[in-house]
Amino acid sequence: MQNLNQGKVVDIKVVSNEDKSLATKPSSLNAINPMSKIVNINPKASLKDVKVIKKDGTIEPYDVQKVIKAVKKSAARMLVDFSDKELETLCDYVNQRVLETGKKEIEIFKMHCIVENALENINPQVAKSYRNYRDYKIDFVKMLDKVYQESQRIMYIGDKENSNSDSALVSTKRSLIFNELNRELYKKFFLTVPELQAIRDGYIYIHDMNARRDTMNCCLFDVGNVLKGGFEMGNLWYNEPKSLEVAFDVIGDIVMSAASQQYGGFTVPEVDKILAPYAQKTYDRQYNKYVSMGVDKETADKIAVKDVEKDFHDGFQGWEYKFNSVASSRGDYPFITVTMGLGTSKFEKMASRMVLEVRKNGQGKKDNKKPVLFPKIVFLYDKNLHGEGGELHDLFDAGVECSKKTMYPDWLSLSGDGYIASMYKKYKKVVSPMGCRAFLSPWFERGGMKPADKDDKPVFVGRFNIGAISLHLPMIYAKAKQEDKDFYEVLDYYLEMIRNLHKRTYDYLGEMRASINPLGFCEGGFYGGHLGFHDKIKPVLKSSTASFGITALNELQEIYNHKSLVEDGQFALDVMKYINKKVNEFKEEDGLLYAIYGTPAENLCGLQVKQFRKKYGVVDKVSDRGYVSNSFHCHVTEKIGPVEKQDLEGRFWELLNGGKIQYVKYPISYNTKAIETLIERAMDKGFYEGVNLSLSYCDDCGHQELNMDVCPVCGSKNLTKIERMNGYLSYSRVKGDTRLNEAKMEEIKDRVSM
């Protein structure tokens with residue numbers, strides 16, 4: 001290899017002021033001969049007596065061969081091969097400088113400075129490599145120290161960033177600690193300096209940094225396709241179920257396995273239609289059995305139907321047990337959603353009715369039952385089917401009864417106005433929500449982002465999102481004003497930043513192999529997911545979405561003209577229209593399915609306030625509370641009725657088609673007519689609607705009441721309380737504690753209109 005110092009004059013550069021005494025300025029390679037000028041050396045000093053103090057405080061004998069080993073590694077990184085003469089000269093120099101210190105113990109940092117000085121003289125490129133590696137190790141020490149501090153907090157205090165994680169459990173603690181490490185690795189190796197600065201300041205928020213380097217986000221998993229014809233899971237072959245009972249068991253295993261390989265919401269769309277064929281198989285088997293036993297056909301039919309009904313009840317109850325008690329390998333309870341309600345056949349209707357009945361009745365000890373959180377249930381509402389006089393109107397009534405007792409199902413309009421309903425009315429395709437509120441953009445079978453012709457149809461089932469990154473709009477506005485810049489100019493900067501992050505994420509994930517999620521990528525759970533085990537997943541990613549998240553629109557309006565969304569809202573609307581225009585341009589230019597998402601800020605609602613205060617202080621109605629508003633929702637303290645809230649939030653509905661939900665609070669106890677009327681109104685408007693109550697259960701005597709803090713029957717404070725977190729339900733109180741963070745608890749306390 002070439003010697004970059006041959007034939008030229010070089011100097012040894014001083015690395016730090018502290019070590020100026022260690023630097024000399026020879027005029028050539030030979031000039032660093034250590035025997036030329038030895039000064040201030042203790043005549044009794046010997047290298048054998050010198051010890052090196054390591055970073056961790058331990059002491060070991062000085063050994064110049066360790067220097068040579070480190071130097072060779074740095075040289076190899078730069079494709080440089082030192083000659084024996086160069087290595088000998090370097091050793092002599094380092095030995096001399098160690099002796100010149102006159103110390104018997106030398107800190108490792110000073111040893112590094114001595115070696116860097118020698119390398120600067122021999123080969124500056126290798127010196128830079130050596131220095132960078134040293135800095136790299138220092139960064140890692142700091143990073144691991146931060147991870148250690150977080151691990152101690154998690155082990156002894158717990159964590160409330162995700163209300164679906166029970167951080168009291170050992171398995172969850174382990175997962176949370178790993179997540180801290182993964183988050184730091186993501187920041188270290190994936191982000192540019194401007195991106196890192198933006199997230200530290202708070203202008204953008206990258207969701208799920210602990211997972212987004214590894215896998216995809218929320219999805220509509222094609223369970224029916226996986227089941228059809230059988231499949232392989234965990235190196236075992238599963239034959240397609242021949243009964244409803246087995247189908248429930250196998251689907252439960254599929255869901256738990258596949259949901260563990262991603263993050264975010266996991267939805268089984270139109271579960272009634274998936275289960276009906278297996279219910280038919282059970283019915284046929286039981287009916288034939290009874291007939292063969294001599295039972296008349298009419299009686300055999302009734303008994304067989306009862307058997308199927310019991311299997312539906314036991315199956316849905318089994319899911320509720322499994323999905324709320326068995327944590328995934330991620331350490332949390334996966335956010336599982338099922339959508340239902342459109343099936344009109346006998347067993348499809350039975351499936352929809354039974355999932356509602358099981359949820360309404362709750363789980364627990366006799367006379368002390370309460371609803372579970374998972375799966376979240378979404379009722380797919382078609383006015384022609386579920387409206388007055390419709391074929392499935394009785395199912396609508398059952399849904400209302402369930403909602404008024406448990407807050408689920410949430411309701412998705414397929415016959416009102418807007419994007420979601422238009423897909424159903426035109427193509428009979430359902431855009432089920434992925435988890436609590438994320439929705440997919442259309443992807444057509446032949447044309448991709450746009451239909452190839454009038455016969456091309458969109459595909460939604462089997463697709464997924466690759467992650468969300470949220471803008472902090474009030475901070476961006478404050479930055480623009482402070483720097484005397486146009487708001488939209490600053491907004492463009494952060495929109496471009498998010499765009500570039502998403503593009504890199506597509507590229508990065510595209511190199512992953514199908515083996516990361518075999519059920520999804522090899523067994524057909526994802527659209528196009530029939531890849532070989534070692535194939536790259538890039539072809540499947542083309543139909544996935546990536547989200548631009550929006551929070552604190554109310555606070556944006558407040559910082560603009562000191563008015564709320566209830567009082568005004570026009571500026572917030574203008575900003576959302578601008579963001580839609582820009583993101584649509586990005587989609588056209590990049591050929592990627594970007595989506596705009598109303599962020600359900602859980603932990604983020606408090607973090608954004610802290611970030612704003614640090615940069616811009618406390619601003620009235622912007623950062624004076626401990627939380628910011630979620631997405632496009634009116635502030636929770638507004639004294640407005642549910643109809644007014646629906647109308648005010650409806651202005652933003654079609655501007656956040658990548659993720660949205662609307663909900664209103666019902667302060668009147670279990671009022672069936674009020675709930676029914678507002679649901680129907682929301683369905684006419686094309687909403688995805690949540691019924692919001694504050695459910696309270698006494699764990700001692702079983703008394704149930706809305707929003708109690710002390711049981712009026714037995715005086716107990718041992719309550720379970722369930723609140724709507726954002727677009728989903730969570731425990732605000734369980735066994736005397738909460739799984740929610742302080743900011744969210746403050747927001748819940750302030751709620752008037754939500």
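When a residue number appears, it is its place in the shown sequence, counting from 1.
- The closest side-chain heavy-atom distance from Leu380 to Met340 is not below 4.5 Å.
- In this structure, Glu523 does not pair ionically with Lys228, as no charged nitrogen and carboxylate oxygen lie closer than 4.0 Å.
- Rounding to the nearest 0.5 Å places CD1 of Ile748 at 8.0 Å from OG of Ser694.
- A donor-acceptor distance shorter than 3.5 angstrom exists from the side chain of Ser292 to the backbone of Lys289, with no hydrogens or angles considered.
- Of all non-hydrogen atoms in Lys369 and Gly364, the two that sit nearest each other are NZ-O, 3.1 Å.
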Practice task
Decide yes or no on side-chain contact (heavy atoms from CB on, under 4.5 Å) for Phe316 and Glu357, but give the supporting numbers first.
Solution key: CA-CA 10 Å; Phe316 283 123; Glu357 186 172 317; over 6 Å; no
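- Evaluated for a ring pair (Phe, Tyr, Trp, His ring centres under 6.0 Å) with Tyr688, the options Tyr419, Tyr663, Phe439, Trp653 yield exactly one hit, Phe439.
- Electrostatic pairing of Arg733 and Asp699 does not count as a salt bridge here, judged by no charged N lying under 4.0 Å from a carboxylate O.
- Thr299 places no side-chain N or O within 3.5 Å of a backbone atom of Val295 that could act as its donor or acceptor partner.
- In this structure, the side chain of Thr339 engages the main chain of Glu270 through a donor-acceptor pair within 3.5 Å.
- When all heavy atoms of Met725 and Arg751 are compared, the pair lying nearest together is O-NH2, 3.2 Å.
- Counting only heavy atoms from C-beta outward, the side chains of Leu395 and Arg353 approach each other to under 4.5 Å.
- Residues Asp272 and Gly341 share a closest heavy-atom pair of OD2-N, 3.2 Å.
- Here the side chain of Ser696 pairs a donor or acceptor atom with the backbone of Asn707 at under 3.5 angstrom.
- For the pair Thr267 (side chain) and Pro269 (backbone), a donor-acceptor distance under 3.5 Å is absent.
- Between the side chain of Asn726 and the backbone N or O of Pro600 there is at least one donor-acceptor pair closer than 3.5 Å.
- Counted by atom type alone, Tyr278 and Glu240 present one or more donor-acceptor pairs between their side chains at under 3.5 Å.
- At least one side-chain heavy atom of Glu705 sits under 4.5 Å from a side-chain heavy atom of His703.
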Practice task
Verify side-chain contact (heavy atoms from CB on, under 4.5 Å) between Phe460 and Tyr527, making sure each step is shown before the conclusion.
Solution key: CA-CA 8 Å; Phe460 296 102; Tyr527 180 58; over 6 Å; no
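- For the pairing with Asp410, the salt bridge (Lys or Arg N to Asp or Glu O under 4.0 Å) check across Lys660, Arg359, Arg724 returns one residue only, Arg724.
- Closest heavy-atom contact between Gly549 and Thr599: CA-OG1, 3.3 Å.
- Salt bridge status for Lys383 with Asp684: present, with a side-chain N to carboxylate O gap under 4.0 Å.
- The CG atom of Asn361 sits 14.5 Å away from atom NZ of Lys370, with the distance rounded to the nearest 0.5 Å.
- Between Phe526 and Phe464, the distance from one ring center to the other falls under 6.0 angstrom.
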Exercise for the section: Check step by step if salt bridge (charged side-chain N to carboxylate O under 4.0 Å, His left out) holds for Lys405 and Glu401. Expected result: CA-CA 7 Å; Lys405 288 292 185 183; Glu401 285 298 312; over 6 Å; no
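- Note: Ser544 OG to Ile466 CD1 = 5.0 Å, rounded to the nearest 0.5 Å.
- For Phe374 and Phe335, the ring centers sit closer than 6.0 Å to each other.
- Taking 4.5 Å as the limit, every side-chain heavy atom of Val378 sits out of range of all side-chain heavy atoms of Trp411.
- Within 6.0 Å of NZ on Lys306 lie no more than 12 heavy atoms contributed by other residues, nucleotides or ligands.
- Checked by atom type and distance alone, the side chain of Lys346 never pairs as donor or acceptor with a backbone atom of Ala276 at under 3.5 Å.
- Closest of all the heavy-atom pairs between Val326 and Pro334 is O-CD, 4.4 Å.
- Side-chain polar atoms of Lys744 and Asn603 form no donor-acceptor pair below 3.5 angstrom.
- Interatomic distance, Lys376 NZ to Ile336 CD1, rounded to the nearest 0.5 Å: 13.5 Å.
- Listed for the Arg437 side chain is no donor-acceptor partner under 3.5 Å among the backbone atoms of Pro433.
- Contact of the Met216 side chain with the Asn465 side chain is not registered, since no non-hydrogen atoms from C-beta on lie closer than 4.5 Å.
- Ion pairing between a basic and an acidic side chain is recognised when a charged N comes within 4.0 Å of a carboxylate O; Lys349 and Asp394 show no such pairing.
- In the model, Glu320 has no side-chain atom that pairs as donor or acceptor with a side-chain atom of Asn324 under 3.5 Å.
- The shortest side-chain heavy-atom distance between Phe266 and Cys218 does not fall under the 4.5 Å cut-off.
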Exercise for the section: Just do the side chain to side chain donor-acceptor pair (under 3.5 Å) check on Asn288 and Tyr283 with the steps written out, would you? Expected result: CA-CA 8 Å; Asn288 291 330; Tyr283 170 82; over 6 Å; no
Side-chain donor/acceptor pairs under 3.5 Å, residues 242-254, sequence neighbours excluded:
unit_1 : atom_1 : unit_2 : atom_2 : d
Ser243 : OG     : Val246 : N      : 3.3
Asp253 : OD1    : Lys322 : NZ     : 3.0

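- One finds a salt bridge joining Lys310 and Asp314 here, because a Lys/Arg side-chain nitrogen approaches an Asp/Glu carboxylate oxygen to under 4.0 Å.
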Practice task
Report the C-alpha distance between Thr672 and Val400 in whole Å, list the side-chain angles of each, state the deciding distance to 0.1 Å, and finish with yes or no for side-chain contact (heavy atoms from CB on, under 4.5 Å).
Solution key: CA-CA 7 Å; Thr672 303; Val400 171; 4.1 Å; yes
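- Leu729 contributes atom CG, which lies 8.5 Å from atom CG of Asn692 (distance to the nearest 0.5 angstrom).
- Side chain of Glu348 to backbone of Ser345: a donor-acceptor contact under 3.5 angstrom is found.
- Residues Cys698 and Asn718 have side chains not in contact (no heavy-atom distance under 4.5 Å, counting atoms from C-beta outward).
- Contact of the Lys360 side chain with the Lys404 side chain is not registered, since no non-hydrogen atoms from C-beta on lie closer than 4.5 Å.
- Evaluation of the ring pair (Phe, Tyr, Trp, His ring centres under 6.0 Å) rule for His386 yields Phe379, Tyr381 as partners, not counting sequence neighbours.
- With a 6.0 Å cutoff to the six-membered ring centre and a 45° limit on the axis angle, Lys428 counts as a cation-pi contact of Tyr424.
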Practice task
List the steps, then state whether side-chain contact (heavy atoms from CB on, under 4.5 Å) holds for Phe221 with Leu519.
Solution key: CA-CA 10 Å; Phe221 201 80; Leu519 285 172; 4.0 Å; yes
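- The existence of a salt bridge linking Lys302 and Glu298 is confirmed by a sub-4.0 Å separation between a basic side-chain nitrogen and an acidic carboxylate oxygen.
- In terms of heavy-atom proximity, Phe231 sits nearest to Leu227 at CE2-CD2, 4.0 Å.
- For the 3.5 Å distance criterion, the side chains of Gln262 and Thr215 fail to qualify, holding no donor opposite an acceptor.
- Each of Leu414, Val430, Asn657 was compared with Ile420 under the side-chain contact (heavy atoms from CB on, under 4.5 Å) criterion, and only Leu414 meets it.
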